[in-house]
Amino acid sequence: MTIIFKIDDLLLDLFPRTKETNFDRSVLKDELTDFYSVGPYKPKIHIENDTVTIEIDTGLIVTQEQDYRRVVALCEKGQYTEAKKTLRSLLDKAPHVSEYHRILGQIYFDERKYDDALDCLIDALRWDPKNIHAYILMGNIYAKHKDDIVTAMKYFDRAMEIDPDDVVAMDNMGVVLMKQGQTDKAEQYFEKAYKTDPDYPNTHYAIALLAEIKEDYVTAFKYAVSTMKKSKQTDDIYKHSVSLVFESAKKVLRNNKSDAITEKYIPELESRSGKSIKLLSDDSLASAARLELAENYDRDEHVVKYKPNYPVVNHLILHELFHLEYILQAREAGKNELFMSNKGHRREFDQSLKKHTKKLQKKGFDDATIDRFYNDIFNGINSQMYNAPIDLFIENHLYTKYPDFRPIQFLSLIELFKQGIKATTDQKIVSIAPPTILSKSKILNIITALQFRDLYAFDMVPEFKPMESEVKRAQDLYEEFVETKGAKEPAIEYELIERWA
């Protein structure tokens, strides 16, 4: 196919980049090449006097486009042997297609055959001296595997000459400088790359690595999480980011100064409630932390009890203080509610499990043991039902209000998930627990896991080994929370408790 244009104002209207440069013919050629390229197949552009001619090899596109896409798909799956076989066939028929050589070079790079990769990339550049990806890959080989930074920078520089806004080139130059210890220069490249394309995950990861080098672990955590949010779980960069998230969070925990948040927050709540608040260490607690309201215990002060040796107890203390804030909000609005259970509810609970009781008796459990077991799960599921909706609001509030606290929140929630996973999947528990109660508990855990996935791009849902119906129910209930969280009103969490229960 041949397309012929007269070079006039109409042509410049069609291709505005050229118009902005006051008809720079080299810009026109680049703009036409960009527009008429199909995948790796580039047109031939001839500009002479007042005419531009564009030749497109439609025959090549028709006969090879399908095979080219197949090669890309094979490479994405890591099936390099089959990809190379198809590529060589394409090269036999069209050796002038630069991108074929570049992809073959990428395959050799992934196979750690760096000299073979360089040979292919040189061929790619012989056929297309503006193949940016070939320059970048050559720069990476020289920087990472030939220990030749000077040559590497030469190739990165050329890539940026061709396109000063190419974020991949900026990113790679920054990484090379960072490894050389030139962190300030590296940061300049990362900042420019971020401004050019704030959604490119590699830039986020590079910023995270730089922050870790500078021992700014909160920032390292932040950008490692944002890398996860902007990449796929199957991507290598996602897996590397997961490791960095845990490493940086643990370093934040070791240098933890989150007591300052609690110390500032407690006087605010004391002023609001008109009562003092006491933090009390208690190794005998069944949970890591617990709020005891003054009114419920006939005291003059509110008490938050906590296990002193629990690894991330500061998060749970703060969490319990948020419970108190929500109660105070509801009281101030005249909407506070008291949720309780009584002996009648317990009898109904036992009655609903008559068939299961017989199964436990057949397993050899006596009535007293069964009664204690039912009492534990009755109290447990009621507590979980009450807390699950409120906890969603609290963790969202914590995440939003204290961004520097997120590494601590992340680690704490991971610990809580481990407990929930054990409680709902451990075979010893599963073998004796009532399936209906176990399923409801799992759904409530999954709701929290869905929020955690939204906040931190880390998916704990599969760890609960749920059925599809359980995930679907959890998703439906979580959506109710999502619809209300943006306009949190006092006591709105109580509406969710009643509907969900």
Side-chain angles (χ1 to χ4, degrees), residues 1-62 64-65 68-69 71-72 90-91 94-106 120-140 151-174 189 192-200 202-203:
M1 175 189 290
T2 301
I3 302 170
I4 300 174
F5 283 110
K6 183 180 180 182
I7 298 175
D8 54 17
D9 290 341
L10 179 58
L11 177 65
L12 297 182
D13 287 339
L14 295 175
F15 297 97
R17 249 166 54 202
T18 305
K19 188 174 185 178
E20 291 170 3
T21 61
N22 198 24
F23 187 51
D24 185 321
R25 293 196 171 206
S26 64
V27 174
L28 175 61
K29 188 172 183 180
D30 288 344
E31 192 170 7
L32 293 171
T33 300
D34 289 345
F35 183 80
Y36 289 105
S37 292
V38 179
Y41 311 106
K42 298 184 183 298
K44 294 180 180 177
I45 311 291
H46 304 281
I47 300 175
E48 190 172 349
N49 298 326
D50 62 348
T51 302
V52 58
T53 303
I54 306 154
E55 295 180 15
I56 304 170
D57 194 339
T58 52
L60 186 66
I61 294 170
V62 169
Q64 295 196 356
E65 175 70 4
Y68 167 73
R69 292 187 181 279
V71 165
V72 173
L90 291 173
L91 281 165
H96 63 284
V97 178
S98 171
E99 194 64 1
Y100 292 167
H101 296 281
R102 202 275 306 171
I103 293 175
L104 188 56
Q106 181 71 59
C120 293
L121 295 169
I122 288 168
D123 285 339
L125 293 172
R126 284 170 175 165
W127 288 109
D128 181 7
K130 293 188 177 181
N131 191 325
I132 291 176
H133 296 301
Y135 284 117
I136 292 171
L137 191 52
M138 290 189 79
N140 277 326
T151 303
M153 294 301 283
K154 178 177 72 174
Y155 285 107
F156 290 142
D157 283 336
R158 180 57 60 87
M160 291 196 67
E161 279 178 28
I162 297 167
D163 183 359
D165 292 328
D166 189 278
V167 293
V168 180
M170 290 181 222
D171 226 42
N172 279 274
M173 291 182 80
Y189 280 104
K192 185 178 178 184
Y194 184 86
K195 288 177 183 176
T196 303
D197 183 1
D199 292 322
Y200 185 50
N202 293 54
T203 302

Would you sort out whether Lys6 and Val52 count as a side-chain contact (heavy atoms from CB on, under 4.5 Å), showing the intermediate values?
CA-CA 6 Å; Lys6 183 180 180 182; Val52 58; over 6 Å; no

Return the CD1 to CE distance between Ile136 and Met160, rounded to the nearest 0.5 Å.
9.5 Å

Student check: side-chain heavy atoms of Tyr135 and Ile162 closer than 4.5 Å
yes

Reported CG-to-CG distance for the pair Asn140 and Asn172, which is rounded to 0.5 angstrom:
4.0 Å

His101 side chain to Pro95 backbone, donor-acceptor under 3.5 Å:
yes

Electrostatic pair Arg126-Asp123, nearest N-O below 4.0 angstrom:
yes

Test side-chain contact (heavy atoms from CB on, under 4.5 Å) on Thr51 and Phe5 and set out the steps.
CA-CA 6 Å; Thr51 302; Phe5 283 110; over 6 Å; no

Give a yes-or-no answer on whether the side chains of Asp24 and Ser26 include a donor-acceptor pair shorter than 3.5 Å.
yes

Is the closest side-chain heavy-atom distance between Leu121 and Arg102 below 4.5 Å?
yes

Just so I know, are the side chains of Leu32 and Ile54 near enough to count as touching, which here means a heavy-atom distance under 4.5 Å?
yes

Does the Ser98 side chain pair with the main chain of Ala124, one donor and one acceptor, at a distance under 3.5 Å?
yes

Heavy-atom pair of closest approach, residues Ala159 and Ala169
CB-CB, 4.0 Å

For Asp165 and Thr196, the nearest pair of non-hydrogen atoms, with its separation, is O-CG2, 3.3 Å

If you look at every heavy atom in Glu31 and Pro16, which pair is closest and at what distance?
OE2-N, 3.5 Å

Working to the nearest 0.5 angstrom, can you tell me the gap between Arg25 CZ and Ile47 CD1?
6.5 Å

Are Tyr68 and Glu99 close enough that a side-chain donor and a side-chain acceptor fall under 3.5 Å?
no

Of the non-hydrogen atoms in Met170 and Tyr189, which two are nearest, and what is the gap between them?
O-CB, 3.5 Å

Within the structure provided, determine whether Ile122 and Met138 are in side-chain contact (heavy-atom separation under 4.5 Å).
yes

Pair Asp30 + Lys130: basic N to acidic O under 4.0 Å:
yes

Rounding to 0.5 Å, atoms CE (Met153) and CZ (Arg158) come to a distance of 14.0 Å

Over 60° means perpendicular and under 30° means parallel, so tell me whether His96 and Trp127 are parallel, tilted or perpendicular.
perpendicular

Can you find a pair of side-chain heavy atoms, one from Pro43 and one from Ile45, that are under 4.5 Å apart?
yes

So which heavy atom on Leu125 is nearest to which on Ala134, and how close?
CD2-CB, 3.8 Å

Given side chains that start at C-beta, do those of His46 and Glu55 come closer than 4.5 Å, heavy atoms only?
yes

With a 4.5 Å limit on heavy-atom distance, are the side chains of Asp34 and Arg17 in contact?
yes

Separation between OH of Tyr100 and CG of Leu91, rounded to the nearest 0.5 Å:
8.0 Å

What I'd like to find out is whether the side chain of Val168 reaches to under 4.5 Å of the side chain of Ile132, using heavy atoms alone.
no

